[in-house]
Each structure stands twice: as structure tokens, then as C-alpha cells.
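One structure is given below, encoded as C-alpha cells.
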Amino acid sequence: MNCKTKYLNISVFSILFIILLFLNLLYPAQTDDYALYQKALNDNFLSTYFEWNGRIGEILFAGYFAKFAFSPIFDIINAIIGTAFLFFGFILCFARVIKDKSDIALLALWFAILGFFGYFGSIFLWGAGSANYLWGVTLIFAFCIPYRLFWNQIYNNNNIQKTSHNLWINFAYFIFVFLAFLAGMASEFIGVMVIFVITLSFIYATYHKISLPFWQFFGFFGFVAGWITLYLSPGSNKRVETVGSDFMSLSEFFDISFLDKIITLNQALNHNYSDIFVIFLISFSIFYILKNDIKFKFYHWIIAILSIVIAMVFAKHICAGVVFVLILWMMRNLATKDRFYYIFIALFLLWIFMGIVLFGLVNGVPKRTSVVRDIVLMAIIILIAKELYKIYGRKISFISFSLFICSVILLSYHSYKTNLSQKAINQEIIEQKIAGKNNIMIPKNLIYKSKKFIDFGNIQQDSQHWINKTVSKYHNIESISVK
């Protein structure tokens, strides 16, 4: 990496860090943060592993970092991890760092997609949400990068340098295995995906007689050990029992009839539908038309738009599998002309696989979880933009940077409004306590929520709701509710 490239990367990601820090400083602690703050102060470091959640992000947050949930210290930490997520994500997608303006445009486009459709507040700003999703996925990205770089060299027919086994290399192996273990504890369903992909890479390497370095095996077994530790977590099992009505176990799945199995899997695939899937569907359809140099008249565009709408309805309500097969067929047509597009097929199949893995969640996954899954679709969208940049460079740059600026403005607005809302709620609590009230009533109009910005609840009308009880305990009052 030359000095110009280093300066470019430091500059770009410093700007992103400043933006994320600004948003984190604006955004106040919410809901679970109150409970985990008290947990970090009073319980032992591993208590959440045995009581509620075995993910490494929540263990770290509930065990220690939640102490700073109401402090700028946490905002700085979270902004650093958010910046690392974007940096590692770019490397994972392209097997390199940023090199020029086109890369900056692609990064800006990715940020914009996350800003508009990624429930940004829930994943990047909310303490408990960040720990559960942003921190964990960042760990997984960091773990996967060496594998990505290795296979990129194989793809480009570059010689792989054999590593010596001196003291420092052995120490690096130890650090990598430890990172792999932590990454394995980051996410149940993403962990399954990573294990599946690495296993396929081992099979491919064996079949094609590719010599794999030892660190790949050490890392894999470390990751599997971490995932098993997460899977066997007493806390995670208790959480499943708590939401049992929304969860179907593997044994329950095998006990139902064959027709019900098909219906359940179809339901799981239908749950893959999201705003980001819609963006992907539109982007890929336009790309397919342009790539095949199909000349459209006005009425052809009307038919194409209607076809996309029908595909959206099918994917959400009827049978997503039909739409997915059609998309794979289109990708296959592109791949017959250029083997690069087999990457599209691999990524899309991976995304479908993630949906099948989640079949047990009867009512689908939380919106923020679907965003984590849809990172795979975002990768395809970014790769499409990269291909189009070769022909429509100025237009792609204009669209990307315009959307980026608009997304930052929108996120700032949401964070500011949430900040004002929280200050108004706190002021209302103080005023009612001064008036001698211990059962606090918060006017409904003081609570701000945007459906595309956050996907979690706030103070409820029921004073016995766990969120209300947690907030009451933090403010040392008897009860709190919304009127």
C-alpha cells in the first residue's frame, strides 16, 4: 500500500468516524440500555451468558461496557467499531482497500443504503443493538478477511507464499484462533453460514488439490468451538423458551407432515422479503437489461415495472422460491458470458440459505436481524454499481454521493429528534417527582419513533412492561407509563 492509498483510506474513514461519532453523541441510551447498565454494575461478567444471551457482543456490553452507556466514552467506542465495520466490509467485498474515487462512491452508496433502509439507529447507535449486531458482525468480518484474501489470490492465479513457523507466526496463530472463537460466538445464524462456506472451500480445495495453510484449519476449528459455545449457552436456551410461541425447534419441524414442511420452508423464504431485497430486485433487473443491451420501447418499460411489482408480491406473500429461481436463471445467463457473475450466484444462494436456516422463527426475524442477513444482498448491489461505474461513472458518483449526503442529513434528523424526545421525557420525570408524584405518566406525544430508523419498543402504556420497570428502577420511581 503506497502513501497515497494510505492517506486516502485514513481520510475517508476518518470522515466516516466523525459522522458516526456525531450521530452516537446525539443518540441517547434507550430501553435495554437501562437494564444492561444496571446489570453491568451489579452482576458478574458472564451472567448474561447463563441467563439470557450467549452472543459475545451482549456478554461484553452487559458484562462491562454498558457501564458507559450514558457516557461519551461508549459513543467513541461504538463509532470506532462502526468505522471498522465499514472498513472490514469493504475489504471483504473487494479483497483490497480503497484505491480511487470509484471506491469512495461505492462506499458512499453502501452507507446510504444502510442509512435509508438499514434501521441505522437500532444497529449503529443503540447500545444494546450495536453490541448484539454491529460488534458481532464486525468480529465476523475481521475473521473472514484472511480467507477472502487467500481465495482472491487463488482466483487470480497468484502464488501463495508459505509461512515460516517462527515465534511470531505461532503467536499470530494463537491470536487468530482466539479471534475465531469470539467471532463464532457472535451470531447463531451467520455462524452457520460461515461454517458452511468454509467447509465448502475445504471440499473445493481438496478436489482441486489446493494446498491450504494451517491457519485456515486452526481458524475454522476455533470458529466452530465459539459457535458451539454460543449454541449451548444456557441463556440463549432460556430466551428461546421465553419466546417459544414464535419458535419452531428442529424436532418439531421433523414431526410435522411433508406438506407442512414445505409450507414452513416457503414461509421462511417469504420472510426474506425486505426493503433491501426490493432495492436489489430493481437494481439487478435494470443491470440485466443494460448488460444484455436490450432495447426497450416505452410500453416495454411499463411491462418491466409491472413484472417487478408482481415479483415483489410473489416474494412477500405467495412463493418467494419462484422469484428466487427466476433471479438465479438470469444470473446464470450473465455467468455464461462472464464467469465473474458466478459470484452473484454464490452470494444469492448464500442469502437464500440464510433464510432457510431461519425457518424455525415462525413470525420471521426482527428488522435489524434481516438487515444483517441482507448484507449479502448489499454486496451484490455494490458489485452491480461497480460494473455500471465503468460505463456510467459520473452518474453513479452523483447518485452515490447525493444519497450519502441525504442519508447523513436524515440520520442526523432522527438522532436529534430522539435526543429531544429523551430530554423531554427526563424533564417530565423530574418535574413530576418534584411535584411529589412517584407514579409517572408520560404524554404520548413526547415519544419519538421512526419505523425505518429503529425497530424496538419504548416506554409502554402498561406500567408493568419490562421496559417501564427498567426505566422506573433507573430513575428511582415506583412506576412509569404512557398516557
Side-chain angles (χ1 to χ4, degrees), residues 32 53 55 57-58 82 85-86 89 93 110-126 128-138 140-141 186-194 196 236 239-240 243 246-248 264-284 311-321 323-324 327 347-382 407 411 414 449-457:
D32 295 46
N53 193 337
R55 292 177 185 168
E58 182 143 339
F85 167 85
L86 296 169
C93 187
W110 184 27
F111 187 96
I113 294 171
L114 288 168
F116 282 115
F117 307 106
Y119 294 86
F120 201 92
S122 295
I123 296 175
F124 283 84
L125 307 178
W126 176 36
S130 296
N132 252 309
Y133 296 93
L134 176 66
W135 295 16
V137 175
T138 302
I140 292 173
F141 278 3
S187 171
E188 297 91 339
F189 81 97
I190 298 181
V192 171
M193 178 194 72
V194 172
F196 176 73
S236 296
R239 191 171 82 252
V240 169
V243 295
D246 295 328
F247 181 81
M248 175 185 288
T264 301
L265 290 174
N266 180 65
Q267 178 180 275
L269 290 177
N270 288 357
H271 285 153
N272 275 25
Y273 182 91
S274 64
D275 292 337
I276 294 172
F277 172 75
V278 173
I279 300 302
F280 158 76
L281 183 62
I282 294 171
S283 302
F284 179 71
M312 289 164 54
V313 173
F314 250 80
K316 186 176 183 180
H317 298 291
I318 303 173
C319 182
V323 179
F324 297 165
I327 293 172
L347 289 173
F348 192 66
L349 285 172
L350 197 59
W351 179 75
I352 295 172
F353 173 71
M354 292 170 74
I356 295 174
V357 167
L358 294 169
F359 77 90
L361 294 170
V362 178
N363 294 320
V365 298
K367 298 296 183 182
R368 57 186 178 273
T369 304
S370 69
V371 171
V372 173
R373 177 192 64 207
D374 289 344
I375 288 173
V376 179
L377 285 186
M378 291 183 220
I380 301 177
I381 295 171
I382 298 305
S407 69
L411 295 173
H414 285 318
K449 182 176 180 180
S450 171
K451 292 182 179 180
K452 299 297 180 183
F453 183 60
I454 59 174
D455 69 333
F456 56 85

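Excluded from the calculations below are hydrogen atoms, water molecules and symmetry mates; all remaining heavy atoms, backbone and side chain alike, are included.
The backbone N or O of Arg373 lies less than 3.5 Å from no partner atom in the side chain of Asn272, so there is not a single donor-acceptor pair.
Less than 6.0 angstrom separates the ring centroid of Phe348 from the ring centroid of Phe324.
Going from atom CE of Met378 over to atom CD1 of Ile276 covers 3.5 Å, rounded to the nearest 0.5 Å. Here the straight-line distance linking atom CG of Asn132 with atom CZ of Arg55 works out to 5.0 Å at 0.5 Å rounding. Put simply, OG on Ser122 and OH on Tyr133 are 9.0 Å apart, with the number rounded to the nearest 0.5 Å. The CE atom of Met354 lies 8.0 Å from the CD1 atom of Ile375; values are rounded to the nearest 0.5 Å. Taken from CD1 in Ile123 to OG in Ser130, the straight-line distance is 8.5 Å, to the nearest 0.5 Å. The CG atom of Leu350 lies 5.0 Å from the CE atom of Met193; values are rounded to the nearest 0.5 Å.
Phe353 and Phe196 have parallel rings, their planes meeting at less than 30° on a 0 to 90° scale where 60° marks the start of perpendicular.
In terms of heavy atoms, Ile140 sits closest to Ser187 at CD1-CB, 4.3 Å. Contact record, Leu269 with Ala320: O-CB, 3.6 Å, taken as the closest heavy-atom pair. Ala315 and Phe277 get closest at one heavy-atom pair: CB-CE2, 3.8 Å. Counting all heavy atoms, side chain and backbone alike, Ile381 lies closest to Ser283 at CG2-OG, 4.3 Å. Leu347 and Val376 get closest at one heavy-atom pair: O-CG1, 3.1 Å. Nearest heavy atoms, Gly136 versus Ala186: O-CB, 3.4 Å.
Just one of Phe120, Trp135, Trp110, Phe111 meets the ring pair (Phe, Tyr, Trp, His ring centres under 6.0 Å) condition when paired with Phe85; it is Trp110. Tested against Ser274, the residues Ile279, Val371, Asp374 include a single side-chain contact (heavy atoms from CB on, under 4.5 Å) partner, Asp374.
Every residue meeting the side chain to side chain donor-acceptor pair (under 3.5 Å) condition with Asp275, not counting sequence neighbours, appears here in chain and number order: Lys452.
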For the pair Leu281 and Met312, evaluate side-chain contact (heavy atoms from CB on, under 4.5 Å) and give the outcome as yes or no after the intermediate values. CA-CA 8 Å; Leu281 183 62; Met312 289 164 54; 3.7 Å; yes
Stepwise ring-ring contact (aromatic ring centres under 6.0 Å, His included) test for Phe280 and Trp351: CA-CA 12 Å; Phe280 158 76; Trp351 179 75; 7.1 Å; no
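Under 3.5 Å, the side chains of Trp126 and Asp32 contain no donor-acceptor pair of N or O atoms.
Counting only heavy atoms from C-beta outward, the side chains of Phe124 and Leu114 approach each other to under 4.5 Å. Inter-residue side-chain proximity for Lys449 and Ile454 is flagged as met; some heavy-atom pair is nearer than 4.5 Å.
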